[in-house]
Amino acid sequence: GGGRDFGNFASPPRKRGKAPVAGEDGAWKCMSPTCGNVNFHHRTACNRCKLPRPEAEAAGGQSA
């Protein structure tokens, strides 16, 4: 017999919200080919590599 341990099948819950998704809620993807991190809309530079946010994204990403 023996009991089952269900403690390792899922990662522990996080206190923060979900990770940003590019194109959702203003989230933007880093333009660095070696990074590609997706950042929340309020960031002015990449959270990972610190590359500044592209101007098009900073203006809201709207095209005329």
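Nothing fancy with the numbering, it's 1 onward along the sequence.
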Going by side-chain heavy atoms closer than 4.5 Å, which hydrophobic residues are tied to Met31, directly or by a chain of links? Leu51
Distance-only donor-acceptor hits, side chain of residues 33-40, under 3.5 Å, sequence neighbours excluded:
from: Thr34; atom 1: OG1; to: Ser32; atom 2: OG; distance (Å): 3.1
from: Asn37; atom 1: OD1; to: Arg48; atom 2: NH2; distance (Å): 3.3
from: Asn37; atom 1: ND2; to: Asn39; atom 2: OD1; distance (Å): 3.3
from: Asn39; atom 1: OD1; to: Asn47; atom 2: N; distance (Å): 2.7
from: Asn39; atom 1: ND2; to: Asn37; atom 2: O; distance (Å): 3.3

Indicate yes or no for a side-chain donor-acceptor contact from Arg53 to the backbone of His41 under 3.5 Å, with no hydrogens or angles considered. yes
